[in-house]
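What follows is a single structure, written as structure tokens, with notes after it.
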Number of protein chains: 2
Amino acid sequence: MRERWVPDARRSAVADAVGRLLTRGHGTFPGMREIAAEAGVTTGTLQHHFATKDDLLLFALDHHCRRCADRLKARSAQDLPSPRRALAAIVTELLPLDDDRAAETSVAKAFVSRAATDPGFAAHYRAQREILLGLLGEQFGRAGTPDPAAAATILAQAVEGMRTDCLLLGPDAVDVDAVLDRLLPPSSSPEETA
Amino acid sequence: MRERWVPDARRSAVADAVGRLLTRGHGTFPGMREIAAEAGVTTGTLQHHFATKDDLLLFALDHHCRRCADRLKARSAQDLPSPRRALAAIVTELLPLDDDRAAETSVAKAFVSRAATDPGFAAHYRAQREILLGLLGEQFGRAGTPDPAAAATILAQAVEGMRTDCLLLGPDAVDVDAVLDRLLPPSSSPEETA
DNA sequence: CCACCTCCATTACGACTGTAATGTAACAGA
DNA sequence: TCTGTTACATTACAGTCGTAATGGAGGTGG
């Protein structure tokens with residue numbers, strides 16, 4: 001019998017396929033047939049669930065952004081003990097250290113060029129950035145950092161660079177603790193490593 | 001009569017056309033005919049000067065990287081007075097604040113996705129990064145910052161984020177001084193604004 | 001049973017892709 | 001002047017692109 005699919009599950013599966021293709025793919029956006037093959041369906045299925053390719057791509061971007069944002073919120077709500085730990089958890093959550101996060105990073109990178117001209121894609125970048133700034137600023141405020149919003153902005157920008165460094169140069173190229181050491185006053189959280 | 005072209009000048013003109021198309025284009029790499037039209041030539045000219053499209057793209061990447069690196073070295077050799085000023089000059093030089101720098105930024109961003117899988121493109125990222133780390137580290141060392149190499153790494157990563165923020169959100173979204181305030185000990189260069 | 005709808009596979013089409021092939025001016029050296 | 005080379009322009013071609021069109025299978029309400 002035909003498999004039972006919650007409609008959104010099918011769309012999400014396709015979005016995951018896009019992420020996988022983007023991570024191990026040749027950089028540019030994959031074609032419809034390639035997406036269909038990766039998702040184990042045909043182009044007809046894609047056409048049935050997405051009006052156009054841009055619609056599909058936009059959904060994939062939204063899908064990965066949402067997954068990432070959900071994980072971030074869960075992380076920052078859970079790791080209460082010290083703001084330093086929370087910041088490290090948030091930053092690490094954004095680095096491409098496993099397949100899921102590598103897909104999210106590749107998706108984000110691939111869509112940046114698109115976002116430079118297409119306002120629909122730029123909106124996602126802005127939204128994702130706002131969420132991240134909020135979470136980071138909250139922790140900086142808890143740590144007693146002066147002007148926590150500015151500190152959050154800088155860390156968010158550094159995270160952008162850490163993501164590409166990690167993606168292109170490997171996980172050893174980034175040092176989260178070194179970044180936090182410079183951005184957090186050392187007096188506010190001494191001897192964390194107990 | 002036929003125009004006199006130093007061969008490299010023609011290739012550079014084509015590379016500039018790629019940069020222009022990438023800045024105002026739809027994000028993805030432009031086609032050969034589009035490049036030819038922008039450069040004011042035909043596809044035959046492109047085929048004569050470049051073996052393949054990837055060769056052309058690689059040359060364009062190298063062209064913009066070299067231009068940017070040359071400007072950076074000139075900048076950091078000229079602005080000796082204070083390391084803080086030198087760092088600000090280097091960072092600002094990398095932001096997409098005019099057409100040339102916007103092209104370089106767009107080129108860099110567009111090639112990041114490609115570099116994730118293609119080692120030829122990744123080499124350029126690595127090389128450009130090494131140059132930047134050297135210049136930044138030198139100034140941090142002059143400023144007396146402890147572990148200047150680590151500080152340079154962090155600033156380089158922050159620059160990556162500042163470039164995308166500036167590209168997608170506009171020049172007002174980045175504040176170079178705010179970043180330098182956090183990464184430089186304020187005691188090392190007091191009252192710079194004279 | 002009959003319509004009707006959703007879900008999906010197949011086929012087809014026109015536009016576009018990078019590149020090979022070919023032709024042609026202009027100039028250089030002999 | 002003949003020849004060769006450089007520097008193009010033009011045309012052609014095989015392939016891929018996104019998507020429109022069509023059809024069929026299964027479930028559902030009447």
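Note on naming: letters A, B, ... go to the chains in the order of the sequence lines (proteins, then strands), and numbering restarts at 1 for each one.
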Geometric class of the B:Phe29/B:Phe111 ring pair [parallel <30°, tilted 30-60°, perpendicular >60°]: tilted
Phosphate OP1/OP2 of C:dC8: any A:His49 side-chain N/O under 4.0 Å: yes
Spacing between B:Leu46 atom CG and D:dA9 atom P, to the nearest angstrom: 9 Å
Pairing of A:Arg67 and A:Asp70 as salt bridge, 4.0 angstrom limit: no
C:dC8 OP1/OP2 closer than 4.0 Å to side-chain N/O of A:His48: no
side-chain N/O B:Thr45 vs D:dC8 OP1/OP2, d < 4.0 Å: no
Identify all pairs in which a protein N or O lies below 3.5 Å from an N or O of nucleotides 15-19 of chain C, and state each distance.
{"residue": "C:dG18", "atom": "OP1", "partner": "B:Lys53", "partner atom": "NZ", "Å": "2.4"}
{"residue": "C:dG18", "atom": "OP2", "partner": "B:Met32", "partner atom": "N", "Å": "2.9"}
{"residue": "C:dG18", "atom": "N7", "partner": "B:Arg33", "partner atom": "NH2", "Å": "2.8"}
{"residue": "C:dG18", "atom": "O6", "partner": "B:Arg33", "partner atom": "NH2", "Å": "2.5"}
{"residue": "C:dT19", "atom": "OP1", "partner": "B:Thr52", "partner atom": "OG1", "Å": "2.4"}
{"residue": "C:dT19", "atom": "OP2", "partner": "B:Lys53", "partner atom": "N", "Å": "2.9"}

SB check A:Asp177 A:Arg182 (cutoff 4.0 Å): no
A:Phe50 and A:Phe59 aromatic centres sub-6.0 Å: yes
Side-chain H-bond candidate by donor/acceptor type, B:Asp100 with B:His64, under 3.5 Å: no
Length of the CZ-C1' vector between A:Arg11 and C:dC8, whole Å: 16 Å
Atom of B:Ala15, atom of B:Ala60 and distance for their closest heavy-atom approach: CB-CA, 3.7 Å
Whole-Å gap separating C1' (D:dG18) and CD1 (A:Ile35): 11 Å
